[in-house]
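To find a chain, count down the sequence lines: A is the first, B the second, and so on, and within it residues start at 1.
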Amino acid sequence: MLDIKYIRDHAGAVRAGVRLKGEDESSVDEALALDEGRRGILQKVETLKSRRNTVSAEVARMKSKGEDASALIAEMRSVAEEIRGLDAALAPVEEKLRAALLLIPNMPHASVPAGNTPADNQVVATRGEEPSVDFKLKPHWELMEDLAIIDFARGTKITGAGFPVYVGRGAQLERALVNFFLDEARTRGYTEMSPPLMVNVASATGTGQLPDKEDQMYVVARDELFLVPTAEVPVTNYYRDEILAEKQLPVRFCASTPCFRREAGSYGRDVRGLNRVHQFNKVELVRLVHPDRSYGDLEEMRADAELLIQKLGLRYRVLLMCAGDLGFTQAKKYDLEVWSAGQSKWLEVSSISNFESYQARRMNIRFRPDGGGKPEIVHTLNGSALALPRMVAALLEHYQTPEGKVLVPAALHRYTGFEIIG
RNA sequence: GGAGAGGUGGCCGAGUGGUUGAAGGCGCUAGUCUCGAAAACUAGUAUAGGCGUAAGUCUAUCGAGGGUUCGAAUCCCUCCCUCUCCGCCA
């Protein structure tokens with residue numbers, strides 16, 4: 001969330017930012033009105049509490065001397081009543097203010113293009129080559145079925161649509177990719193983490209899945225827990241409500257986890273094969289950094305993710321997302337899309353975002369500057385490096401042979417232990 | 001799941017209704033001393049919010065929330081968490 005003091009002092013800029021995101025401006029005015037009401041009550045009640053504290057000390061002094069304090073105590077009886085009333089009035093105002101603040105989105109960074117359609121996203125780089133072959137490339141769902149390496153029908157039987165089963169060399173290939181991604185992340189300075197796969201309400205609120213994205217998560221209602229839609233949630237919450245030393249920054253974590261997504265509202269769109277599933281594995285990068293350096297870190301993380309695709313020899317492009325395509329909590333975002341040679345389309349395999357202080361303020365993650373001084377809010381970033389299913393799809397399609405087999409790219413040989421599938 | 005014990009500042013630990021934001025110790029920071037270091041000594045050392053240009057000042061916070069009281073770290077209630085034992089279990 002944004003700092004209420006910032007909203008107070010820059011109401012115009014905040015409204016403009018909310019508009020660019022295509023969100024409702026009314027929450028800004030509501031927050032400002034509640035803040036004003038809150039401060040009004042606060043000033044009254046704190047004056048009374050100050051009086052009460054002074055008189056309490058006086059009562060104590062008189063009693064210790066054996067003097068009669070009953071007149072003061074009688075006076076305080078009505079003051080106490082007044083305080084009770086004001087405190088009772090304050091609580092709902094503060095609760096509403098917090099709720100209103102949670103509904104104000106993060107501001108887009110100045111370098112983010114305006115717009116709210118895919119056409120407004122800027123292609124900032126395109127790298128790698130399409131396979132040059134003289135036969136018709138099959139889409140991955142035909143390959144995986146022919147090779148019996150990913151089984152959708154049985155996944156549907158076991159659980160439901162969108163829960164594929166990786167089998168044999170399919171499972172081995174996926175595991176090889178995960179290990180490759182994690183090893184690469186480690187050599188680039190990320191500490192590996194294996195986090196919980198369910199999170200509580202506070203964690204889901206901290207990264208922004210709650211309060212209004214609840215329908216995208218699987219809920220374990222009995223225990224008030226949520227299956228993680230991305231490792232971002234447990235990993236970023238690792239230092240929630242803590243104050244780090246400046247020298248601990250930047251914090252760099254990587255984690256491989258399953259991701260569970262209901263994908264409500266997207267039925268029928270790009271659901272063929274591995275294009276969109278309810279459970280998938282993903283290696284995620286997370287950084288907590290000094291506020292002055294987060295945009296440099298964003299570029300570094302983009303390079304971290306790009307390098308993986310380069311090493312696997314696939315064609316891809318980088319998109320700078322427009323304001324309207326930014327998530328609620330994001331200030332700036334790049335998407336990496338890999339070329340699906342069998343479908344002749346781009347598939348999003350990574351999303352790299354700077355949240356600035358937006359998530360960190362919700363999570364109350366701060367650092368103490370070197371040499372002391374007031375704690376400051378850190379900046380948080382995360383990026384996929386990478387999402388597995390669409391990478392598997394692109395690899396199968398890119399490296400297929402005329403005989404319907406699939407060659408394993410050289411970078412993975414030491415991880416798979418085999419060089420061909422089929 | 002059953003029984004018991006406990007949650008106080010960065011850490012340890014005192015404190016059972018009255019100047020206790022909280023003794024004492026450790027740690028940390030600065031200073032004195034020293035060629036330097038250690039030791040010793042002195043001082044400082046939480047977070048959030050309100051008002052204020054600022055200095056500052058006021059309020060809140062002793063796991064969380066509620067209650068009793070003129071006044072709560074201290075008394076009462078609910079919840080959460082940790083530890084020990086029993087049961088169950090990968």
Side-chain angles (χ1 to χ4, degrees), chain A residues 1-10 31-102 194 196-206 210 220-226 234 237-249 251 258 357-378:
Chain A
M1 62 187 163
L2 299 177
D3 185 359
I4 182 61
K5 279 181 275 188
Y6 178 85
I7 299 172
R8 222 184 272 155
D9 297 339
H10 305 84
L32 286 170
L34 288 164
D35 176 52
E36 196 148 326
R38 165 179 155 271
R39 283 183 296 154
I41 299 171
L42 212 48
Q43 281 168 40
K44 279 186 211 144
V45 74
E46 288 192 350
T47 304
L48 290 173
K49 284 180 176 176
S50 177
R51 167 90 180 130
R52 180 179 71 185
N53 287 343
T54 309
V55 172
S56 281
E58 179 63 18
V59 169
R61 203 177 301 119
M62 291 173 80
K63 286 206 168 184
S64 70
K65 288 182 190 161
E67 295 170 18
D68 176 24
S70 57
L72 281 177
I73 289 174
E75 180 201 338
M76 282 304 104
R77 229 183 288 272
S78 69
V79 171
E81 196 53 51
E82 220 174 322
I83 288 173
R84 237 189 302 277
L86 288 169
D87 271 343
L90 189 60
V93 172
E94 294 197 315
E95 203 170 307
K96 282 183 199 156
L97 175 60
R98 163 106 184 151
L101 287 175
L102 288 178
S194 181
L197 302 180
M198 292 190 271
V199 295
N200 57 29
V201 170
S203 294
T205 304
L210 295 180
V220 183
R222 187 185 171 98
D223 298 291
E224 271 195 276
L225 296 173
F226 303 86
N237 273 280
Y238 186 70
Y239 284 124
R240 173 153 53 79
D241 289 319
E242 295 192 35
I243 300 175
L244 306 173
E246 181 172 350
K247 64 174 185 288
Q248 286 178 264
L249 305 180
V251 169
S357 60
Y358 192 88
Q359 290 183 325
R361 185 169 293 105
R362 285 180 173 224
M363 286 181 283
N364 195 25
I365 304 177
R366 294 168 292 171
F367 71 96
R368 192 177 300 282
D370 285 340
K374 283 270 166 205
E376 294 178 45
I377 311 267
V378 301

Would you mind classifying the nucleic acid contact of [X] as base, sugar-phosphate or nothing, using non-hydrogen atoms under 4.0 angstrom?
X         : result
Lys63(A)  : base
Lys374(A) : sugar-phosphate
Leu42(A)  : sugar-phosphate
Arg361(A) : nothing

* Asked: Would you find more than 12 non-hydrogen atoms of other residues, nucleotides or ligands less than 6.0 Å from Glu95(A) atom CD?
  -> no
* To do: Can you establish whether the number of heavy atoms outside Glu67(A) located under 6.0 Å from its atom CD is more than 12?
  => yes
* Asked: Hey, are Asp9(A) and Lys5(A) close enough for a salt bridge, meaning a charged N less than 4.0 Å from a carboxylate O?
  -> no
* Is Lys49(A) paired with Glu46(A) through a side-chain N to carboxylate O contact shorter than 4.0 Å? -> no
For nucleotides [N] and [M], find the distance between their [atom1] atoms and express it as a whole number of Å.
N      : M      : atom1 : result
G71(B) : G18(B) : P     : 14 Å
C26(B) : A40(B) : P     : 8 Å
C75(B) : U16(B) : C1'   : 9 Å
G25(B) : U8(B)  : C1'   : 15 Å
A14(B) : U68(B) : P     : 32 Å
G2(B)  : C12(B) : P     : 30 Å
A72(B) : U57(B) : C1'   : 25 Å
A30(B) : C81(B) : C1'   : 39 Å

* Asked: Can Leu72(A) and Met62(A) be said to form a side chain to side chain contact (heavy atoms under 4.5 Å, CB included), step by step?
  -> CA-CA 10 Å; Leu72(A) 281 177; Met62(A) 291 173 80; 3.7 Å; yes
* Apply side chain to side chain contact (heavy atoms under 4.5 Å, CB included) to Arg52(A) and Glu82(A), showing your working. => CA-CA 11 Å; Arg52(A) 180 179 71 185; Glu82(A) 220 174 322; over 6 Å; no
In whole Å, what is the span from the [atom1] atom of [X] to the [atom2] atom of [N]?
X         : N      : atom1 : atom2 : value
Ile41(A)  : C51(B) : CD1   : P     : 14 Å
Lys44(A)  : C51(B) : NZ    : P     : 14 Å
Asn364(A) : U61(B) : CG    : P     : 18 Å
Met76(A)  : G71(B) : CE    : P     : 10 Å
Arg51(A)  : G50(B) : CZ    : P     : 26 Å
Leu97(A)  : G49(B) : CG    : C1'   : 12 Å
Asn200(A) : C80(B) : CG    : P     : 14 Å
Lys49(A)  : C70(B) : NZ    : C1'   : 15 Å

* Evaluate side chain to side chain contact (heavy atoms under 4.5 Å, CB included) for Lys44(A) paired with Ile41(A), printing each intermediate quantity in order. => CA-CA 5 Å; Lys44(A) 279 186 211 144; Ile41(A) 299 171; 5.7 Å; no
* Asked: Using Watson-Crick and G-U wobble pairs with both distances under 3.5 Å, what is the 5'-to-3' dot-bracket string of RNA chain B, with [ ] for crossing pairs and | for pairs outside the strand?
  -> ((((((((.[[[..)..(.....]]]((((((.......))))))((((((....)))))).[[[[[..)....]]]]])))))))....
Hey, does the side chain of [X] come within less than 4.0 Å of [N]'s phosphate (OP1/OP2), counting only N and O?
X        : N      : result
Ser50(A) : U59(B) : yes
Asn53(A) : U59(B) : yes
Arg8(A)  : G50(B) : yes
Arg38(A) : G49(B) : no

Supply the atom-to-atom distance [X] [atom1] to [Y] [atom2], rounded to the nearest 0.5 angstrom.
X         : Y         : atom1 : atom2 : value
Glu376(A) : Leu244(A) : CD    : CG    : 12.5 Å
Arg39(A)  : Leu90(A)  : CZ    : CG    : 13.0 Å
Asn200(A) : Asn237(A) : CG    : CG    : 7.5 Å
Met363(A) : Arg240(A) : CE    : CZ    : 8.5 Å

* Ile243(A) or Ser56(A): which one's nearest nucleotide on RNA chain B is closer to the 5' end? -> Ile243(A)
* Would you mind telling me which residue lines up with the more 5' stretch of RNA chain B, Val59(A) or Ile4(A), judged by nearest nucleotide? => Val59(A)
Taking the side chain of [X] as heavy atoms from C-beta outward, which of [options] is closest to it?
X        : options                : answer
Ala60(A) : G18(B), G49(B), C51(B) : G18(B)
Glu46(A) : U47(B), U59(B), C70(B) : U59(B)
Arg61(A) : C70(B), U19(B), A48(B) : U19(B)
Arg39(A) : A46(B), C70(B), G50(B) : G50(B)

* Where along residues 81-96 of chain A does a heavy atom come under 4.0 Å from RNA chain B, residue by residue in number order? -> none
* Would you find a donor on one side and an acceptor on the other, under 3.5 Å apart, between the side chain of Arg38(A) and the backbone of Glu94(A)? -> no
* Among Ile377(A), Leu102(A), Leu101(A), Leu210(A), which residue meets the side chain to side chain contact (heavy atoms under 4.5 Å, CB included) test with Arg362(A)? -> Leu102(A)
* To do: Quick one, give me the B/S/- string for nucleotides 72-77 of chain B, reading 5' to 3', where B means a protein heavy atom under 4.0 Å from the base and S means that only happens at the primed atoms, P, OP1 or OP2.
  => ------
* To do: Carefully, step by step, assess Val55(A) and Asn53(A) under the rule side chain to side chain contact (heavy atoms under 4.5 Å, CB included).
  => CA-CA 6 Å; Val55(A) 172; Asn53(A) 287 343; over 6 Å; no
